[in-house]
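Below is one structure, written out as structure tokens, with a few remarks after it.
Lettering of chains follows the sequences in order, A, B, ..., and the numbering in each one begins at 1.
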Amino acid sequence: MTREPVDYGDEIPFISVLDENGDIDDDLMPDLGPEVVLKGYRTMLKARRFDERRLKLQRSGRIGTFAPVVGQEASQIGTISTLRKDDWFVPSYRETAAGFWRGLDPADILVFDAGYNEGISIPDDARDLPNAVPVGTQMLQAAGIAHAGRLRGEDAIAMTYFGDGATSQGDFHEALNFAAVYSAPVVFVCQNNQYAISVPREKQTASKTLAQKAVANGLPAVQVDGNDLFAAYTAARDAVKRAREDGQPGMIECVTYRIEMHTTADDPTRYREDDEVEAWRERDPLDRLGDYLRDRDALDDGKLEKMEKEIEAEIADAWERAEARIEELEGTDPMFAHIYAEPTQELERQRKAMARRAPQEVHAGEDSEAEEDAENGKDEDQVEGDGEKDDG
Amino acid sequence: MAELTMVEAINLALHQEMARDETVLVLGEDVGVDGGIFRVTRDLIEEYGEARVMDTPLAESGILGFSIGMAMNGMKPVPEMQFSGFAYLGFHQLESHASRMRWRSQGRFSVPMTVRMPYGGGVRALEHHSESREIFYTHMPGMKLVIPSGPRNARALLLAAIRDPDPVVFFEPKASYRAFREEVPDDEEVMELGRARTAREGGDITLVAWGAMLPRTMEAAERLSEEGIEADVIDLLTLSPLDYETVVDSVARTGRCVVVHEAPLSYGPAGEIVARVNEGCFLSLEAPVARVAGPDVHMPYFAREQLYLPDSDRILDACRRTLDF
Ligand SMILES: Cc1ncc(C[n+]2csc(CCOP(=O)(O)OP(=O)(O)O)c2C)c(N)n1
């Protein structure tokens, strides 16, 4: 008979490299070339300016609801920058900065934000998944992706993103469990931004850390200062190495803060104090990295101004391209695209019937198809109105 | 009497029922301090406290399974799914347990809970926020599915749902949440579940609709009326159990019927209604029953959602086809 402590796994380490004054811990500092750091800074800045522009577009009714990334840029860039191009990026819906690092075109994002499915056209060589809106669901897919890659002899890994709220979902726990049981090379990146819409971190879970939720599943986990690019990078680099070389999944909890609203449909003043937001603004990841770069003469007012101008131009160009594309996106046909590999007969019938009544002009080619369809007769066109009538 | 929106009317029902019955609890994501993302649960936490208005962890299966447990043990939980498109993460709790606990326990346990969820398109929302999947719940024995169409019946039906001894899924058509106001009596008004309502009387054709499709169907009926054709419009209000008798009685008189829904056409709720009409008054039919529905595609992103949703033009076309048959 006995009663004694059981060693259940590692403690949760916390990593912070770059402090609020822009000073670093030399021992922990990752070996990153200045160009990489500057590129990281530039991507963070671009994500922020992009959100500012999107907010204006949203407020003027040009685009719909979106989830701002402001405040979380360092967690995203620090982690995503440890991936290779052939690794997988499995986002939730707030990963704009990480998406930019992966090469996502801001014009695509804007077309998507304007309510068109066409904005999610993922190039064949990109291993980037579309946004997952249902919270927590994508993590299991990331684990499956990682496992399949291993089965096929690749050494590519998967990195997936989610919030603090997502760690309450069953899917989160199931994903960690599957990944550990099958040694799937996946890195779980939790952006603990302190809120799930209005629900604060303390009411979400009684766990002391979110990282420790990995321990029960047998995954190594670490907590980092999420507003510190170098800390996020260091943790991710180690996790990616373990995943790639040993097939060991891992979890990183980035302790950060969502400065803006949850989405543009949300009013955070209902549940947050201004003081709290201000305190976190003091820890702005962009300022912090900017100070670091300035101290090392990698950035100055002139360079920053140039960078700002370039980014402004890039974003303006993206909106112009998005607007031009949106003008072309007419009719009801696109609703029927990509439902099956081959459209079913019934879908074709419905597509033609709808095209006939769409307010836009139907293209000549389709018109004759529509006629043919009408002649072929008795399609009781319940979706559209009357399939037997030919208004062509 | 006050002129209320549907959001305010549902909020009123919750206030009234929580005051009347202290076993009633509200729980879900953001329902407390935030008052729900549509503000349906506004001010409840101030009045009834955190024990009865629970901001839960983000876990639909958790919310529903927890509610089932509470319901079996003396409480009347009213869980909120933030959007019907997220209820699937808790779907198995409804299908495998809530709907069959009475049967599984041979009558020993019941699950008196009311799962509220906004559903349907028309508010320019993100993916998974706009679909219309009534059929998932109507096809579940032991479960009831209620869908109000306006502020007044929303209040009266929600009170009935909360008092019902069986589990109820209460679909709230979010396009109608703030679209119009209606007089809602201050006094309690409780409607019977499982009863359809005749929203408009006419002898030429029967139109069947519910939720956010009702206003569009009424618009089509008014347009028909301008041409001298009078439609009987039936607002189902409860899809399960289905009051098909009211539909059949009407069609027996008019001989013509059009069913309107925003769910995809194939295997949609209209299929069941058409079958009931065939069984109930086949010989009275002057024309095949027509369906106006969404196409069999995923709800498109919001730029095209109005193209997807049936509108009064499409409803009118189907009526003409039926009338001209
Ligand atoms: C399964 C599911 N339930 C509810 C929602 C509605 N919702 C969207 S985001 C959100 C909060 C998510 O919080 P968290 O996981 O912390 O991520 P964050 O948005 O803070 O990045 C909720 C409740 C959803 N999208 N999916």
Name the member of L329(A), D171(A), D267(A) that forms the most heavy-atom pairs with chain B at distances under 4.5 Å. L329(A)
Nearest heavy-atom neighbours spanning A59(B) and Q169(A): CA-OE1, 3.6 Å
Q204(A) side chain to L58(B) backbone, donor-acceptor under 3.5 Å: yes
Is it true that a side-chain atom of N117(A) and a backbone atom of Y301(B) form a donor plus acceptor pair closer than 3.5 Å? yes
Chain A contact via Y88(B) - which portion, at a heavy-atom distance below 4.5 Å: neither
Are more than 12 heavy atoms from other residues, nucleotides or ligands located less than 6.0 Å from atom OH of Y195(A)? yes
With chain A, which of P57(B), G35(B), S61(B) has the greatest number of heavy-atom pairs at distances under 4.5 Å? P57(B)
Are any non-hydrogen side-chain atoms of R304(B) and E330(A) less than 4.5 angstrom apart? no
Relative to chain B, which segment of D113(A) carries a heavy atom at a distance below 4.5 Å: side chain, backbone, both, or neither? backbone
Turns out that what part of E305(B) lies under 4.5 Å from chain A's heavy atoms comes down to neither
What is the minimum heavy-atom distance between V297(B) and I339(A), and which atoms define it? CB-CD1, 3.6 Å
Shortest non-hydrogen separation from D34(B) to S198(A) and the atoms involved: CB-OG, 3.4 Å
Count the heavy-atom pairs under 4.5 Å between each of Y271(A), F112(A), Y116(A) and chain B, then report the option with the highest count. Y116(A)
Before giving the answer on side-chain contact (heavy atoms from CB on, under 4.5 Å), spell out for K203(A) and T56(B) the whole-Å C-alpha distance, their side-chain angles and the decisive distance to 0.1 Å. CA-CA 8 Å; K203(A) 293 190 90 182; T56(B) 64; over 6 Å; no
Side chain, backbone, both or neither: which part of T137(A) has a heavy atom under 4.5 Å from chain B? side chain
Sub-4.5 Å side-chain heavy-atom contact between E127(B) and N131(A): no
Neighbour count above 12 (heavy atom, 6.0 Å) for F66(B) CZ: no
For chain B, which of A196(A), A114(A), G170(A) has the most heavy-atom pairs under 4.5 Å? A114(A)
Does CD in E222(B) sit with more than 12 non-hydrogen atoms of other residues, nucleotides or ligands closer than 6.0 Å? yes
Nearest non-hydrogen partners of I37(B) and I197(A), listed with the distance: CG2-CD1, 4.1 Å
Are L265(B) and E346(A) packed together at the side-chain level, in the sense that at least one heavy-atom pair is separated by less than 4.5 angstrom? yes
Contact class of H128(B) relative to chain A, heavy atoms under 4.5 angstrom: side chain
Is there side-chain contact between R314(B) and M354(A), with heavy atoms separated by less than 4.5 Å? yes
Do H129(B) and V133(A) have side chains that get closer than 4.5 Å, going by heavy atoms? yes
Pick one of side chain, backbone, both or neither for Q306(B), based on which atoms fall under 4.5 Å of a heavy atom in chain A. neither
Near H338(A) NE2, under 6.0 Å, is it more than 12 heavy atoms from other residues, nucleotides or ligands? no
Might you point out which heavy atoms bring S266(B) and Q350(A) nearest each other, and give the distance in Å? OG-NE2, 4.4 Å
